[in-house]
**Q** 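My questions all concern the structure below.
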Amino acid sequence: MTNLDEWLSVLNPEQRAAVVHQGSPLLILAGAGSGKTRVITTKVAWLIKERRVDPESILAVTFTNKAAREMSERARRMEPRAERSVLRTFHSFGAWILRRNASLAGLDSNFTVYDDDDSVTLLSKAMPVLTRQQAQGAVRKIARAKDYCYSPNDSRLVEIDPDPDFADVYATYEKRLRDTGNVDFGDLILLPVRLLNSDATVRDRLTRRFSVVMVDEYQDSNVAQFEFLKAVTGPGSYICVVGDDDQSIYRFRGAEVRNILTFSENFPGTAVIRLERNYRSVAPILSIAGHVVENNEGRLGKTLIAERGAGKKPVLVFLRDQDEESSFCAELIQNAQKKGVPYADWAILYRTNAQSLGFETEFLHRKIPYRVVGSLKFYEREEIKDALAFLALVANGRDEVAFRRVVNKPSRGLGEVTQDKIVSEARKALFEGVAGADGNFDFGEKADLLSAARRVLEGLPKKARSGLSEFITIVESLRSLIGDAPPVDDGDEFAGLFPAHATTGDVPLPDAERQSVGDSGAIVPDSSKKKGAVGLAVFVERLVESSGLLAYHQGQDEVAGTQKVANLQELVNAASLYSADRAGLTEFLEHIELDRSMVEDDDNPDSVTLITVHNTKGLEFPRVVITGLESGIFPRDDKAGDDLEEERRLMYVGCTRAMDELYLTSCAARRLYGRTAFMEPSKFLREIDPSDVQVLGRAPRGFTSFTARDSSLDGGSTGGRSDVSGRPLHGESRGGQDSLGDSVPRRDFAELAARWKVGRKLFHDDYGYGMITKAFPTDSEFVVMVRFESGGERRFLPKYQAKDLMLVEEEGL
DNA sequence: GACAGTGAAATTTTT
DNA sequence: TTTCACTGTC
């Protein structure tokens, strides 16, 4: 096989060194666009092919499902045996361990994962004194505590919340969560760490199984993940982490840049390889990104080299307000589109989701196709959460949150009082069960909320009684449809797969497991599962109907004109690829809980991407506009110190997404919370080398525009505000187009002539900067001649081409 | 238990 | 401006 040589030969020397490195821990500092995914996947293939490493002993973890999928696919393309390697997200890998050791970890064998909303509901029920907002805040802090591996009794909790009551809240939450048998996201890391640190057998088996451990995007790992990493590596493990400290943007979620900054200290003998050759962006883009991030202190230091060489200078545009900002973007895109640039080449980046609205309105109006990444999450919609909760309750009868969500939906006369009664009845049984157990958990079927419901049935008022027995019947018939009642204890259940206390070494996984491993968290499992196929979809369909949820949401659709039924149908479809048994159900739920990335609508593949800067990590676009570069928005003005450095890294991430063209927009005013606020340009704009950008629009003080530099040419005859409206150029170009072209009848050429005067500077998308040399009316049109800096003179009709010819406003000298 | 009305608040969020 | 949580009413 010379395949591998080919793969290696396309790598640059540093990349190749990273691939073939062995013998010590390795830290790969991979700058943006430096081909790190290629390095990781080639390394997997190389290890299997060249070093004859057993594919099953390779573990590679990433943060996003998308990245995990990509890694898995690319590795398999190079080396099919990589399918047997464990290429997963951190959380999915944690779930993988817990699923096999559920009993040891104190979990229900069919545990599901609570999202933040579920956690808030749970805590609110556990501590009714808390307002919803307080519960939300507490859940956020608990998540942070778990990021840092702090238990409720850890004295360091004060770092997260100085309030001494916080520990109690955390402890209460934990207890209640354990009672449900479920986990939250933090547990998917924390519980495996605890398990591995307390159970030498499990740990030994794991560290022996994985001789190679790799981590991608290491700069975004948190303390718990660092502990996790240490727990799964033994003396014989080869560990390799890849990351870019300049792209660490999840500090607010507990990510510790320190993990990457101090990796070499934590893993003595670490070799460091820097990948600094950037294959994505043209030089001036990297120059901007580099100059901005250079202002950070805590960094390892890297300088990207633009392998693509020179290219179009990024454009810095000053605009009046967000309306102009969105119309500027729209025009940019439409003009390019007319010249054959697909919509899909463009991405509009913003700091906060709320900013997407203006762009959506404008694009809708102009019929520019777009997709908003990250908003309206499918799995967070009410009807979907309802259906999933019902499924979760069928899977795990102790799921209090799921139970409460669906028991009275549609209304069955079962209010909070009745719900509380049932839940406390079940929890009572739980305590008794635990008390009688000898070390192991023994919940018995009494802890099941359904069975508790049956026990309290007699004491209920008539209406509640009939509603509840109806509900019980529905759930029971669904349970019998899907298969056996949940096992009381899972210890033996998984023994064959991954025995909790095996005395042997590695246990080969059965086929079914291999598939899900290779699948690395994709919603759609391997085709081999299709045999059970229609099965689970049929089940979900049945559930949606018999639960009354379908009728309920149908009613909602009718009154509100929503799409809830269609969404439910989509969920049913998604289930069609899973087997119609309990295992299939658990797998379906886990996939959905861990991978909520929306299934791409390929309705219109050619559309502009609207996206927060955070969400662009790992993506690239030929043309990028970073919007809202104003103090208070990006960065927010309360940012200082480390937080400010993180914002700066965010800016760095945004810039380095652009391949060919980068635009930066900044507004002088912005409507914020209903009022108009005057904005200052982002401080990051001042960190840019002025010679790296072309400035358009009314540049505020301190910014040198084209006009300012060449003011001698013109003597400032236009005086900076010759424009009647006083609007900066984009209002002009658009306004001119709209009002003169469409709505307003002929005003002869006076208005055009006033604006398009000899001597005025302008900027053309293709030809760059130029000056009007002639301006005159013909018998039907008003014509201007423009001489461009790049040389050459052209004739334009401003009436039609106003948007291609952006006048440069003189100001801010 | 469902609804309308009032008032305060308003990032980013891989899983 | 918009959103959502809470309050009071039927």
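We name chains A, B, ... by the order of the sequence lines, and we start the count at 1 in each one.
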**Q** NA contact type, A:Leu414, heavy-atom cut-off 4.0 Å: base, sugar-phosphate, or nothing?
**A**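 Answer is sugar-phosphate: A:Leu414 comes under 4.0 Å of backbone atoms only.
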
**Q** Are A:Asp386 and A:Arg405 within salt-bridge range, i.e. N to O under 4.0 Å?
**A**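 Looking at A:Arg405 together with A:Asp386, the answer is yes, because their closest N to O distance falls below 4.0 Å.
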
**Q** Please classify the nucleic acid contact of A:Glu416 as base, sugar-phosphate, or nothing, using heavy-atom distances under 4.0 Å.
**A**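 Sugar-phosphate contact only - A:Glu416 comes under 4.0 Å of backbone atoms but never of a base.
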
**Q** Rounded to the nearest Å, what distance is computed from the CZ atom of residue A:Arg69 to the P atom of nucleotide B:dT14?
**A**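 Value for this atom pair: 14 Å.
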
**Q** Mind checking what makes side-chain hydrogen bond (donor to acceptor under 3.5 Å, both in side chains) contact with A:Glu620, not counting sequence neighbours?
**A**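 By the side-chain hydrogen bond (donor to acceptor under 3.5 Å, both in side chains) rule, A:Glu620 matches A:Arg280.
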
**Q** Over how many whole Å does the gap from A:Leu130 atom CG to C:dA5 atom P extend?
**A**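 Between P of C:dA5 and CG of A:Leu130: 15 Å.
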
**Q** In chain order, what residues pass the salt bridge (charged side-chain N to carboxylate O under 4.0 Å, His left out) check against A:Arg38, with sequence neighbours excluded?
**A**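 By the salt bridge (charged side-chain N to carboxylate O under 4.0 Å, His left out) rule, A:Arg38 matches no residue at all.
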
**Q** Would you kindly compare A:Asp116 and A:Gly413 by the position of their nearest DNA chain B nucleotide and give the one closer to the 5′ end?
**A**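 By nearest-heavy-atom nucleotide position, the 5'-most residue is A:Gly413.
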
**Q** Summarise how protein sits on nucleotides 2-11 of chain B as a single string, 5' to 3': B when a protein heavy atom is under 4.0 Å from the base, S for sugar-phosphate-only contact, - for no contact.
**A** S-------BB

**Q** Please enumerate all residues that pass ring pair (Phe, Tyr, Trp, His ring centres under 6.0 Å) together with A:Phe252, with sequence neighbours excluded.
**A**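 Per chain and number, A:Phe252 pairs via ring pair (Phe, Tyr, Trp, His ring centres under 6.0 Å) with A:Tyr250, A:His614.
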
**Q** Tell me the interatomic distance from A:Met651, atom CE, to B:dT12, atom P, rounded to whole angstroms.
**A**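 Going from CE in A:Met651 over to P in B:dT12 covers 18 Å.
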
**Q** By nearest atom, which of the nucleotides B:dT14, B:dT12, C:dA5 is closest to the A:Asn615 side chain?
**A**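 Nearest to the side chain of A:Asn615 among the choices is B:dT14.
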
**Q** With rounding to the closest Å, how many angstrom separate the C1' atoms on B:dT14 and C:dT3?
**A**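 It works out to 26 Å between them.
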
**Q** Given B:dT15, B:dT12, C:dA5, which nucleotide is nearest the side-chain atoms of A:Gln136?
**A**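 Comparing B:dT15, B:dT12, C:dA5 against the side chain of A:Gln136, the answer is C:dA5.
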
**Q** Between A:Tyr148 and A:Glu256, do the side chains contain a donor N or O and an acceptor N or O under 3.5 Å apart?
**A**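 Per modelled atom types, A:Glu256 and A:Tyr148 side chains form a pair under 3.5 Å.
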
**Q** Could you list the residues that satisfy side-chain hydrogen bond (donor to acceptor under 3.5 Å, both in side chains) with A:Glu646, not counting sequence neighbours?
**A**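 Here the qualifying residues are A:Arg649.
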
**Q** Rounded to the Å, how far apart are A:Leu98 CG and B:dT15 P?
**A**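 Going from CG in A:Leu98 over to P in B:dT15 covers 18 Å.
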
**Q** Distance check needed: B:dT15 C1' versus A:Lys146 NZ, whole Å only.
**A**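 About 13 Å, once rounded to whole Å.
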
**Q** Have a look at A:Phe90 and say if it touches a base, only the backbone sugar-phosphate, or nothing, with a 4.0 Å heavy-atom cut-off.
**A**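 Answer is nothing: A:Phe90 stays at 4.0 Å or more from every strand.
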
**Q** List in chain and number order the residues that pass side-chain hydrogen bond (donor to acceptor under 3.5 Å, both in side chains) with A:Glu73, two or more places apart in sequence or in another chain; answer none if no residue qualifies.
**A**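 None.
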
**Q** Rounded to whole angstroms, how far apart are CG on A:Asp220 and C1' on B:dT14?
**A**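 Atom CG in A:Asp220 sits about 8 Å away from atom C1' in B:dT14.
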
**Q** Please report the distance, rounded to the nearest Å, between CG in A:Asp321 and P in C:dT1.
**A**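 Spelled out: CG on A:Asp321 to P on C:dT1 is 15 Å.
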
**Q** Classify the side chain of A:Arg253 and the base of B:dT13 as holding, or not holding, a donor-acceptor pair under 3.5 Å.
**A**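 Yes.
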
**Q** Just wondering, do A:Phe252 and B:dT12 stack (centres under 5.5 Å, planes under 30°)?
**A**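 So A:Phe252 counts as stacking on the base.
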
**Q** Respond yes when some side-chain nitrogen or oxygen of A:Asn65 is under 4.0 Å from OP1 or OP2 of B:dT14, and no when none is.
**A**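 False: A:Asn65 side-chain N/O out of range (4.0 Å or more) of B:dT14 OP1/OP2.
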
**Q** Assuming nearest nucleotide by heavy-atom distance, tell me which of A:Thr612 and A:Val417 is located more 5' along DNA chain B.
**A**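 The residue closer to the strand's 5' end, by nearest nucleotide, is A:Val417.
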
